[in-house]
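Naming convention: chains lettered A, B, ... in sequence-line order (proteins, then strands); numbering from 1 in each chain.
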There are 2 protein chains.
Amino acid sequence: MTDELDRVDRQILKILQREGRIPNVELAERVGLSPTATGERLRRLQKDGVITGFGARLDPHLLGLNLLVFVEVSLDKTTPDAFARFAAAVRRAPEVLECHMVGGGFDYLVKARVADMPAYRRFLGEGLLSLPGVNNTRTYAVMEEVKSDGVLPL
Amino acid sequence: MTDELDRVDRQILKILQREGRIPNVELAERVGLSPTATGERLRRLQKDGVITGFGARLDPHLLGLNLLVFVEVSLDKTTPDAFARFAAAVRRAPEVLECHMVGGGFDYLVKARVADMPAYRRFLGEGLLSLPGVNNTRTYAVMEEVKSDGVLPL
DNA sequence: TCGTTTCGCCGCCGATCCTGCGGCAAACCG
DNA sequence: CGGTTTGCCGCAGGATCGGCGGCGAAACGA
């Protein structure tokens, strides 16, 4: 079923990571296969879950989202379902782009985009701090995005 | 040229963020416009830079990248070009998915994916710590990815 | 008010692209 | 060695794309 990924598969993935809307025929001639074989590989990569989907990359600033922040969140360990409740709430919050449970000095690292500082104040107060079990937060505002593509190495 | 994004534009963006490879005709009937008008809007959104590109979302674990880490990096402020040199090196490193310059207790927050702990040890020692000007690092290993889509709110 | 311009949308149509089908050759296996 | 599997190809019908001309409504100015 799930074999090791072929060299052509990796090439397909590498191309599709950056040019997700490329037509199949052009993808085919770039990897040196026929469109039929290439389309077959693409379909298989999706069915096997290697490719989980396709998406457009948007410019946040042109959408009015000018502030990117990372928030370190610490939870009260007392309530046992605090983690589940926090995770569920975070998944519902549209400002939260990512949220990771980490090991170390705090519990969750949250990445969020908002319009500006007032909007972040609102998000912090009404969104994060009002969640039950949130003990402490520490905010880092991003001054410059050095690298943002998030392209996986192949 | 100058762009107030109208309601249909936002709907297009919202759909394309999650289904970037949807054919134009289906996109058209979902937003209630003709394929021609929809394609015209899509082209305009790309030309104006709102849509910066399209990409496939891949499953890191199926590619053998089982460890996600965040690294807080502090630089020596002594050398003036240390920041530029660090940024350039980070852009070249394939393991680094994101790198942000932040204000607060440290200078850069790095998000990286590697195969496992030994691979991270190698990346830390030969990649990050060997860069000139790197003063101190603090690593947080991700135990659970609560939210990873990175979809912008519209 | 009314003619003119502009803008966004539509329908049309040739070119392009997609996808299921049959065939073929190499690899695999009992 | 014969049969099966696997991956690829070419083909063809149907779907999709993208450029072109036209149309109606809103904006504009005299």
Separation of C:dG8 P from B:D9 CG (nearest whole Å)
10 Å
Whichever of B:E26 and A:E40 has the more 5' nearest nucleotide on DNA chain D, that residue is A:E40
B:I22 atom CD1 is separated from C:dC18 atom P, nearest whole Å, by 15 Å
Among C:dT19, C:dC9, D:dC17, which nucleotide sits nearest the side chain of B:N24?
D:dC17
Expressed in angstrom and rounded to an integer, what is the separation of B:L33 atom CG from C:dC7 atom C1'?
14 Å
Could you tell me whether the side chains of B:T139 and B:Y120 share a donor-acceptor contact shorter than 3.5 Å?
yes
Please answer whether the main-chain N or O of A:R57 pairs with a side-chain N or O of B:T52 as donor and acceptor at a distance below 3.5 Å.
yes
Can you tell me how far C1' of C:dG20 sits from CZ of A:R43, to the nearest Å?
11 Å
Looking only at D:dC9, C:dC17, C:dC9, the nucleotide nearest the A:T36 side chain is D:dC9
In whole angstroms, the gap separating P of C:dC17 from CZ of A:R30 amounts to 13 Å
Candidates C:dG11, C:dC18, D:dC9 - which lies nearest the side chain of A:S34:
D:dC9
What is the nucleic acid contact for B:R41, judged by heavy atoms within less than 4.0 Å: base, sugar-phosphate only, or nothing?
sugar-phosphate
How long is the line joining CG of B:L42 and P of D:dG19, in whole Å?
13 Å
Could you check whether any side-chain heavy atom of A:F86 comes within less than 4.5 Å of a side-chain heavy atom of A:M101, counting everything from C-beta outward?
no
In whole Å, what is the span from the CD atom of A:E29 to the P atom of D:dC8?
17 Å
Are the side chain of B:K111 and the backbone N or O of B:F70 linked by a donor-acceptor pair below 3.5 Å?
no
Nearest whole angstrom, please: distance from the P of D:dT6 to the CD of A:E4.
17 Å
